[in-house]
Visitor: 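Attaching a single structure in structure tokens format; questions to follow.
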Amino acid sequence: MRFGLSATRISNQHADEVCFADVIGKGRQLIGRLFGKKQFQYKCFECGKVHEGSPSFSLKYPTYYYDVPEAERAGRVRIGDYFCQIKPASDDTNGSSIQCIRAVLDIPIKGVNEPFTWGVWVTQSKESFEKYTETFGDDQSSLGSFGWLAVDMPFYNISDSGAPIEHLECDVDWGDKGRRPKISLWRNAHQLAVDQRTGISWRKATKIVNPTNSEFSGMHRGG
């Protein structure tokens, strides 16, 4: 009898523990749904559909690309998915080449699980560019460089002081093999730097992403 009584108590205790664990698990799920980070979504004013997932946009060319007359681009510009080199004009005896690499700029969206991602271009010194291209197929997670943002981004293009966005300094983390470099803007008062540092609201993200906004002329979706 003593053995049977003991076994019954152990069985009841185990059942209580399982039941309590189930309650805790469901409680955590409920808290996660109420207070956890959510998936971003927005209604497109153009098509009327609701799109889910954090937005990702890519700027096809660095600003310096547009400074080259169209008739000269074939001879002066070398550009691909990852690199861009621009030679000075033939009559610019004091000019030097411009080197850029494609990188990712993330802006956190408050309460959302994934950031607002921008595919951008950043300038590189000749030395940094050469090292980056030479080690491109390797793990570059321990490497990085300084750069200047070299794009015109809708909504962020001009700061309150009138400074062009391409004058923003940044640190470039080259990253693991197969991953695009990520940039961290230096701390300053430009709205883009502030937003990367502190995050943006869901409402502001919707305002930026909606393709009907005239600020998005010339934009290209992609990574």
Side-chain angles (χ1 to χ4, degrees), residues 55-107 115-159 163-186 188 190 192-193 195-196 208-209 211 215-223:
S56 174
F57 288 96
S58 178
L59 291 145
K60 191 171 184 179
Y61 303 112
T63 51
Y64 302 106
Y65 173 89
Y66 299 101
D67 293 337
V68 179
E70 189 172 353
E72 300 178 17
R73 288 175 186 167
R76 292 178 52 194
V77 180
R78 293 180 58 193
I79 190 166
D81 292 336
Y82 304 97
F83 322 113
C84 179
Q85 287 180 291
I86 302 175
K87 297 178 181 178
S90 56
D91 59 349
D92 186 359
T93 56
N94 296 320
S96 57
S97 295
I98 298 172
Q99 297 81 217
C100 298
I101 62 174
R102 188 183 286 277
V104 171
L105 190 160
D106 287 336
I107 299 177
F116 195 130
T117 299
W118 295 85
V120 298
W121 293 89
V122 291
T123 63
Q124 294 286 275
S125 67
K126 185 175 182 295
E127 294 75 16
S128 294
F129 183 80
E130 289 177 350
K131 186 172 184 179
Y132 178 78
T133 54
E134 288 171 0
T135 60
F136 182 72
D138 304 327
D139 181 359
Q140 299 173 312
S141 57
S142 63
L143 303 173
S145 56
F146 167 83
W148 296 91
L149 197 59
V151 291
D152 286 336
M153 289 173 60
F155 192 86
Y156 291 109
N157 190 29
I158 301 296
S159 68
I165 195 172
E166 64 187 24
H167 287 177
L168 295 181
E169 306 101 320
C170 60
D171 293 319
V172 188
D173 173 17
W174 293 358
D176 301 332
K177 182 178 180 179
R179 180 176 73 83
R180 288 200 190 277
K182 289 196 173 186
I183 70 169
S184 299
L185 295 171
W186 284 18
N188 62 69
H190 194 288
L192 179 59
D195 284 355
Q196 187 186 44
I208 297 173
V209 72
E215 295 275 359
F216 282 86
S217 59
M219 283 292 293
H220 302 264
R221 273 188 176 276

Visitor: Any side-chain to backbone donor/acceptor pair from Gln140 onto Tyr132? Under 3.5 Å, distance only.
Guide: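 Side chain of Gln140 to backbone of Tyr132: a pair is present.
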
Visitor: Please confirm whether the backbone N or O of Asp138 pairs with a side-chain atom of Thr135, one donor and one acceptor, at under 3.5 Å?
Guide: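 No, the answer is negative, given that no donor and acceptor are paired below the 3.5 Å cut-off.
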
Visitor: Are any side-chain N or O atoms of Arg76 and backbone N or O atoms of Lys87, one a donor and one an acceptor, separated by less than 3.5 Å?
Guide: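 Flag set: sc Arg76 to bb Lys87 pair under 3.5 Å.
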
Visitor: Are Arg73 and Tyr65 in a cation-pi setup, meaning NZ or CZ lies under 6.0 angstrom from the ring centre and within 45 degrees of the ring axis?
Guide: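 Yes.
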
Visitor: I need the Ser125 OG to Glu130 CD distance, nearest 0.5 Å.
Guide: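 Between atom OG of Ser125 and atom CD of Glu130 there are 8.5 Å.
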
Visitor: Output yes when Arg179 and Asp173 qualify as a salt bridge under the 4.0 Å nitrogen-oxygen rule, no when they do not.
Guide: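 Salt bridge present between Arg179 and Asp173.
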
Visitor: Looking at every heavy atom in both Trp121 and Cys100, which two are closest together, and how far apart are they?
Guide: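 Scanning both residues completely, I find the closest heavy atoms to be CE3-CB, 3.9 Å.
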
Visitor: Nearest 0.5 angstrom please: Trp186 CH2 to Leu168 CG, how far?
Guide: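 Interatomic distance, Trp186 CH2 to Leu168 CG, rounded to 0.5 Å: 11.5 Å.
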
Visitor: Check whether any side-chain N or O of Glu169 sits under 3.5 Å from a backbone N or O of Leu185 as a donor-acceptor pair, and report yes or no.
Guide: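 No, the answer is negative, given that no donor and acceptor are paired below the 3.5 Å cut-off.
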
Visitor: Taking all heavy atoms of His190 and all of Tyr156, pick out the closest pair and write down the distance.
Guide: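 Between these two residues, the closest heavy atoms are CE1-O, 3.2 Å.
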
Visitor: Going through the checks in order, is the side-chain contact (heavy atoms from CB on, under 4.5 Å) test met by Leu192 and Leu149?
Guide: CA-CA 11 Å; Leu192 179 59; Leu149 197 59; 3.7 Å; yes

Visitor: Do Tyr66 and Asp152 pair up side chain to side chain, a donor and an acceptor below 3.5 Å, judged on atom types alone?
Guide: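 Tyr66 vs Asp152: no donor-acceptor pair found between side chains.
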
Visitor: Using modelled atom types only, decide if a donor and an acceptor are shared between the side chain of Asp106 and the backbone of Val104 within a distance under 3.5 Å.
Guide: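 Not confirmed, Asp106 side chain does not pair with Val104 backbone.
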
Visitor: State, to 0.1 Å, how close Trp174 and Ser145 come at their nearest heavy-atom pair, and which atoms those are.
Guide: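 Here Trp174 and Ser145 meet closest at NE1-OG, 3.0 Å.
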
Visitor: Going by heavy atoms in the side chains, are Pro115 and Ile107 under 4.5 Å from each other?
Guide: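 Side chain of Pro115 against side chain of Ile107, heavy atoms only: no contact under 4.5 Å found.
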
Visitor: Determine the minimum heavy-atom distance between Ser58 and Arg102, stating which atoms define it.
Guide: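 Reported closest heavy-atom pair: OG-NH1, 2.7 Å.
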
Visitor: Can you see which heavy atom on Pro181 is nearest to which on Val172, and at what distance?
Guide: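 Minimum heavy-atom separation between Pro181 and Val172: CB-CG1, 3.7 Å.
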
Visitor: Taking the side chain from Gln196 and the backbone from Ile183, do they hold a donor-acceptor pair closer than 3.5 Å?
Guide: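 Pair found, side chain donor or acceptor close to backbone of Ile183.
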
Visitor: Picking from Ile79, Asp67, Ile98, Ile101, what satisfies side chain to side chain contact (heavy atoms under 4.5 Å, CB included) with Pro62?
Guide: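 For Pro62, the side chain to side chain contact (heavy atoms under 4.5 Å, CB included) check succeeds only for Ile79.
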
Visitor: Do the side-chain N and O atoms of Ser97 and Gln85 include a donor-acceptor pair separated by under 3.5 angstrom?
Guide: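 No donor-acceptor contact under 3.5 Å links the two side chains.
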
Visitor: Using the salt bridge (charged side-chain N to carboxylate O under 4.0 Å, His left out) rule, take Lys131 and Glu127 through it: C-alpha gap first, then chi angles, then the decisive distance, then the call.
Guide: CA-CA 6 Å; Lys131 186 172 184 179; Glu127 294 75 16; over 6 Å; no

Visitor: Look only at the side chain of Gln99 and the backbone of Gln124, and say whether a donor-acceptor pair between them is shorter than 3.5 Å.
Guide: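 Between the backbone of Gln124 and the side chain of Gln99 there is a qualifying donor-acceptor contact (under 3.5 Å).
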
Visitor: Centroid-to-centroid, Trp148 to Tyr64, below 6.0 Å?
Guide: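 Not under 6.0 Å, so no.
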
Visitor: Under the side-chain contact (heavy atoms from CB on, under 4.5 Å) rule, what do Tyr82 and Arg180 come out as? Steps first, then yes or no, please.
Guide: CA-CA 8 Å; Tyr82 304 97; Arg180 288 200 190 277; 3.4 Å; yes

